[in-house]
Amino acid sequence: MASEQPPMRPTREPRVTLDDLVEVLLNKGAVLHLDLIVAVADIPLIGVSVRAAIAGMETMLEYGMMRNWDEATREWAERSAVPRVLGLREDESVVRRMSGGHLLTGGVYHGWRPGTVYLTDQRLIVLRGEPREVLWQTDLDAVRDVRLKPEETVGGEERLRLEVALADGRREMLSAREPEALHDLLTRSLAGSLGPSLPPGAPEEEPPLADGHLWYEEPRRSGPMWRGGRARLTADRLTWKSPVDGRPALVLATAELAEVSRAPGYGPAGEGSVLLLRTVGGDEYRLSADDPAAWARRFESAGRLTAPA
């Protein structure tokens, strides 16, 4: 006959501290099974049956506990941190926010209006703090191009601004605390990297008209600088990315191109290697190629543009 187990009694371990207990609960957790009967004069009055799990949230989620609560709480926290005036759509989420502003050019007033720039997976928004008001916004589908442009301030300091070209021909100027970071995120969105990834085995895009090495004269705060990287030209767009960058530094819709010409002088690939790309809005981009004539013909075959010799 098995011997009856003695009742468990609380013990005290003087070397164990509260920090030790918290560490165990957070890293591993504890499961409590407690049956308690409160009696008076041997008459049971109250019964308590407790089955409880105490652990850190990471442990809880690892074992599939409180997952619905965690997802609902995170969604609520994310949306509560975003001003209601933004009017986020049901399937819209904020990618990045930073202080910035919008240049108002229409009407009587002409000048910068400070606020906060919000980039979502669907829109680009500039929000004023007080009173809360959306100063400017656009759907990302309406953005055709974005580029960094240096601007000299009243005090003589040069700052980078973002010029956003829209499908209706308008060009809007934005300021941002981190213009390079915002530019990178926007070019990623134009290239489709913020959207859902393609399933395994799906074609990447339409086949490229050209794919190879080019130098790009990238605008910088200290002045333009030539960088080597890989260019990919399709019927719809040109993208250029340096091998040390995580995302394209240049995304340009071919529909915006008006002319591709050979620029005189030297480039990284030698004399006469520079290609000058002009857009319908008057912007210019400079690329350098080992075979500039071949790249000029490829640009010409991309659509409605001329390629002077």
Legend entry - Side chain proximity check, Leu119 to Arg97, heavy atoms < 4.5 angstrom: no
Legend entry - Expected output: side-chain Trp240 to main-chain Leu214 donor-acceptor under 3.5 Å: yes
Legend entry - Close side-chain approach of Leu275 to Ser261, heavy-atom, < 4.5 Å: no
Inset, instruction - For the pair Asp35 and Arg51, find out whether any cationic side-chain nitrogen is under 4.0 Å from an anionic carboxylate oxygen. - result: yes
Legend entry - Side chain to side chain, Leu257 and Glu259, heavy atoms closer than 4.5 Å: no
Legend entry - Backbone of Tyr216 reached by a side-chain donor or acceptor of Arg286 within 3.5 Å: no
Inset, instruction - Step by step, work out the salt bridge (Lys or Arg N to Asp or Glu O under 4.0 Å) result for Lys149 and Glu163. - result: CA-CA 7 Å; Lys149 295 190 71 172; Glu163 183 182 64; 3.6 Å; yes
Legend entry - Check: Glu92 and Asp121 side chains under 4.5 Å, non-hydrogen atoms: yes
Legend entry - Heavy-atom closest pair, residues Glu180 and Leu160: OE2-CD1, 3.4 Å
Legend entry - Heavy-atom side-chain contact between Arg232 and Lys241 under 4.5 Å: no
Inset, instruction - Heavy atoms only: give me the nearest Arg298-Ala210 pair and the separation to one decimal. - result: CD-CB, 3.3 Å
Inset, instruction - Return the orientation label for the Phe299 and Trp295 ring planes: parallel under 30°, perpendicular over 60°, tilted otherwise. - result: tilted
Inset, instruction - Please indicate whether Ile37 has more than 12 foreign heavy atoms, meaning atoms of other residues, nucleotides or ligands, lying under 6.0 Å from its CD1. - result: no
Inset, instruction - Determine yes or no for a side-chain-to-main-chain donor-acceptor pair under 3.5 angstrom, with Thr116 supplying the side chain and Ser99 the backbone. - result: no
Inset, instruction - Compare all side-chain heavy atoms of Tyr266 with those of Val274 and state whether any distance is below 4.5 angstrom. - result: no
Legend entry - Short side-chain to backbone donor-acceptor contact, Asp139 and Asp141, under 3.5 Å: no
Could you list the donor-acceptor pairs under 3.5 angstrom formed by side chains in residues 101-108, with sequence neighbours left out?
{"unit_1": "His102", "atom_1": "ND1", "unit_2": "Arg113", "atom_2": "NH2", "d": "3.0"}
{"unit_1": "His102", "atom_1": "NE2", "unit_2": "Glu172", "atom_2": "OE1", "d": "2.9"}

Legend entry - Asp283 with Arg278: basic N within carboxylate O range, under 4.0 Å: no
Inset, instruction - Identify the heavy atoms of Asp168 and Arg170 that sit nearest to each other, and give their distance. - result: OD2-NE, 2.7 Å
Legend entry - Ala269 backbone acceptor or donor facing Ser288 side chain under 3.5 Å: yes
Inset, instruction - Please round to the nearest 0.5 Å and tell me the distance separating atom CG of Asp236 and atom CG of Leu252. - result: 12.0 Å
Legend entry - Leu36-Val40 co-clustered via ILVMFWY side chain contacts under 4.5 Å: yes
Inset, instruction - State, yes or no, whether a side-chain contact exists between Met98 and Leu182 at a heavy-atom distance under 4.5 Å. - result: yes
Inset, instruction - Taking the side chain as every heavy atom from C-beta outward, state whether Val251 and Asp145 have any atom pair closer than 4.5 Å. - result: no
Legend entry - Arg132 (side chain) donor-acceptor with Gly129 (main chain) under 3.5 angstrom: yes
Inset, instruction - Please lay out, stage by stage, how Arg227 and Glu217 fare under the test salt bridge (Lys or Arg N to Asp or Glu O under 4.0 Å). - result: CA-CA 6 Å; Arg227 299 181 67 203; Glu217 191 178 54; over 6 Å; no
Legend entry - Over all atoms of both residues, closest heavy-atom pair of Ser273 and Pro268: OG-N, 4.4 Å
Inset, instruction - Check the pair Glu151 / Arg159 against side chain to side chain contact (heavy atoms under 4.5 Å, CB included), numbers first and verdict last. - result: CA-CA 5 Å; Glu151 180 189 66; Arg159 293 183 181 177; 5.6 Å; no
